[in-house]
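Heads up, the thing below is written out as structure tokens.
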Amino acid sequence: MVTPRSGFLSAFCERGYVHQCTDLAALDAALCDGPVTAYIGFDCTAPSLHVGSLLQIMALRLLQRTGHKPIVLMGGGTTKVGDPSGKEHARPLLDDAAIAANMAGIRKVIDQFLRFGEGPTDAVMVDNAEWLDRLAYIPFLREVGRHFSVNRMLSMESVKLRLEREQPLSFLEFNYMVLQAYDFLELERRYGCTVQLGGSDQWGNIVNGVELARRVDDRALFGLTTPLITTAAGDKMGKSAHGAVWLSADALAPYDYWQFWRNVDDADVGRFLRLFTELPLAEIAALEALSGAALNEAKKRLATEATALCHGAAAAAAAEATARHTFEEGAAGAELPTIAIPRAELSAGVAAFELLHRTGLTASRGESRRLIKGGGLRINGAVVASELHRVTLADLGQDGFVKISAGRKRHALVRTD
């Protein structure tokens, strides 16, 4: 592998971001020559991105920090088609209003990580509906479609897996790779964008764009992908046992986000510090070398640094303080997730399994029952033996809260209206 000279690729390699590149030496030379414009696309399928997209966001942030210009391409057009990559079934089709609302939510998330503006290295956000919605079908087929081989398209991983499993793949989804390739061409023409970044699952789509620009405009573009990030347990990043780990505070409280990072596997700490924080590598090496109980300090540092990037330093400090009060001092920290129960309802008593589910600490009432049967529920620190145990006003502490604990690491508070 070529040893990069550019600041961006040097850091990209050192921190473990590199998976594949169409021409690493030529890209490195271009990065050394001056500011390069690169993009990543995000379809608007939800009102927030989750941790599964964080590596791509961090890649754009690193690009900007090393003197280059990021483009955040919002898939206002491609969301209407649906990316089949990694999907067993077609995504639900969204209307324009839902796509616009999701786009606004994603913009709020990315605003935390990138600096937007008019400067040479300021990020810009672009919606591919600007050109995709205006395409004329026959001219598009003649100009772009003729450069795609159906034989090769059928061999693409996203298509091949569906066909091998005899799962339906609509003609609409089959067009996605053509539209993504055209996005790259259009961004090169409009913004001088020469690099597409993305996850490893997008490699085929990215290469299509590189080849399309060479055939149509005789331009040399580059593709650079990040690895698929899995945990030491082999789980895909982006989800926890209780659902997606969203990057929006509206979808997941900063305290819960902090807890996600605090609870990573010991084997993941060093790697995640390199990928998801901006701590110097020497400091990360020292944290990674800790062992036993001392490694918990490295996990707390990971949690605080990652939360500060996503939600701001104040939210990260509050989450860390709440965790310290809750776990080390036995208090109920102010940042714990809190739900309100009508006073009359709590006066009559609420079944423990029902209350546990309503706090959001379990995904279903069945899971609540199983947790309680296994001795995993605590009310104000005391183990609850029966799923039918009723929580009442008498359980309210002097601070006006009932503390609900699922296991030793997940907590919530209950108060009355």
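Small disclaimer: the values here were computed from a predicted structure and weren't measured.
Considering CG of L55 and CZ of F272, their distance stands at 10.0 Å, rounded to 0.5 Å.
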(message) Let's go through E345 and R358 carefully: what are the C-alpha distance in whole Å and the side-chain angles of both, what is the deciding distance for salt bridge (charged side-chain N to carboxylate O under 4.0 Å, His left out) to 0.1 Å, and is it a yes or a no?
(response) CA-CA 13 Å; E345 185 178 359; R358 285 164 67 173; 2.7 Å; yes
(request) Could you walk me through whether R152 and E211 pass the salt bridge (charged side-chain N to carboxylate O under 4.0 Å, His left out) test, one step at a time? (result) CA-CA 13 Å; R152 183 177 176 186; E211 293 183 353; 2.6 Å; yes
(message) Set out, in order, the CA-CA distance, both residues' side-chain angles and the distance that settles ring pair (Phe, Tyr, Trp, His ring centres under 6.0 Å) for F276 and W261, then state yes or no.
(response) CA-CA 10 Å; F276 300 115; W261 295 106; 5.1 Å; yes
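Of the N and O atoms on the side chains of S368 and T362, at least one donor lies less than 3.5 Å from an acceptor on the other residue. Inspection of the Q56 and T226 side chains reveals an N or O donor paired with an N or O acceptor under 3.5 Å. A donor-acceptor contact closer than 3.5 angstrom is absent between the side chains of Q202 and Q196.
Cation-pi geometry between R365 and F353 is not met: the NZ or CZ atom fails to fall both under 6.0 Å from the ring centre and inside 45° of the normal. Geometrically, R107 engages F116 in a cation-pi contact defined by less than 6.0 Å to the ring centre and at most 45° from the axis.
In summary, R274 and E14 do not engage in a salt bridge, as defined by a charged side-chain N under 4.0 Å from a carboxylate O. Ion pair E186/R190 flagged as a salt bridge, since at least one NZ, NE, NH1 or NH2 atom sits closer than 4.0 Å to an Asp/Glu carboxylate oxygen.
T121 pairs by the side chain to side chain donor-acceptor pair (under 3.5 Å) definition with R115, not counting sequence neighbours.
Residue L93 comes nearest to L172 through the heavy atom pair CD2-CD2, 3.9 Å, listed as atom of the first residue, atom of the second, then distance. Nearest heavy atom pair, residue V383 against residue G375, reads CG1-O, 4.0 Å. When every heavy atom of I284 is checked against every heavy atom of G270, the shortest pair comes out as CG2-O, 3.9 Å. The minimum heavy-atom distance linking Y182 with L132 is given by the pair CD2-CD2, 3.9 Å. Taking every heavy atom of both residues into account, L49 and V109 meet most closely at N-CG2, 4.5 Å.
Ring to ring, Y39 and F184 are close: their centroids are under 6.0 angstrom apart.
Counting heavy atoms from C-beta outward, M58 and F113 have side chains that approach closer than 4.5 Å. Side-chain atoms of D133 and K80, non-hydrogen and from C-beta on, do get closer than 4.5 Å to each other. Side-chain contact between V269 and E288: absent, with no pair of heavy atoms (C-beta onward) separated by less than 4.5 Å. You'll find the side chain of E320 stays beyond 4.5 Å of the side chain of R262, heavy atoms only. Between Y191 and V126, the closest side-chain pair of non-hydrogen atoms falls below 4.5 Å. Here the side chains of H411 and L361 are not in contact, with every heavy-atom distance at 4.5 Å or above. Annotation: side chain of S170 is in contact with side chain of E173 (closest heavy-atom distance under 4.5 Å). Side-chain contact between V144 and V178 is present, with heavy atoms from C-beta onward closer than 4.5 Å.
When atom types are taken as modelled, the side chain of T307 and the backbone of A303 share a donor-acceptor pair closer than 3.5 angstrom. A donor-acceptor pair is defined here as one N or O able to donate and one able to accept, closer than 3.5 Å; no such pair exists between the side chain of D268 and the backbone of T231. A donor-acceptor contact shorter than 3.5 Å is absent between the side chain of D265 and the backbone of A232. Checked by atom type and distance alone, the side chain of T79 pairs as donor or acceptor with a backbone atom of C44 at under 3.5 Å. Using modelled atom types, one side-chain atom of D127 and one backbone atom of A129 make a donor-acceptor pair closer than 3.5 Å. Distance alone, capped at 3.5 Å, is enough to place a donor-acceptor pair between the N128 side chain and the G76 backbone. S10 places no side-chain N or O within donor-acceptor distance of the main-chain N or O of G7, the cut-off being under 3.5 Å. Between the side chain of S248 and the backbone N or O of S48 there is no donor-acceptor pair closer than 3.5 Å. Distance alone, capped at 3.5 Å, places no donor-acceptor pair between the K69 side chain and the V36 backbone. Between the T66 side chain and the L63 main chain, a donor and an acceptor come within less than 3.5 Å of each other.
With a 6.0 Å radius and a threshold of 12 heavy atoms from other residues, nucleotides or ligands, R215 has its CZ atom above the threshold.
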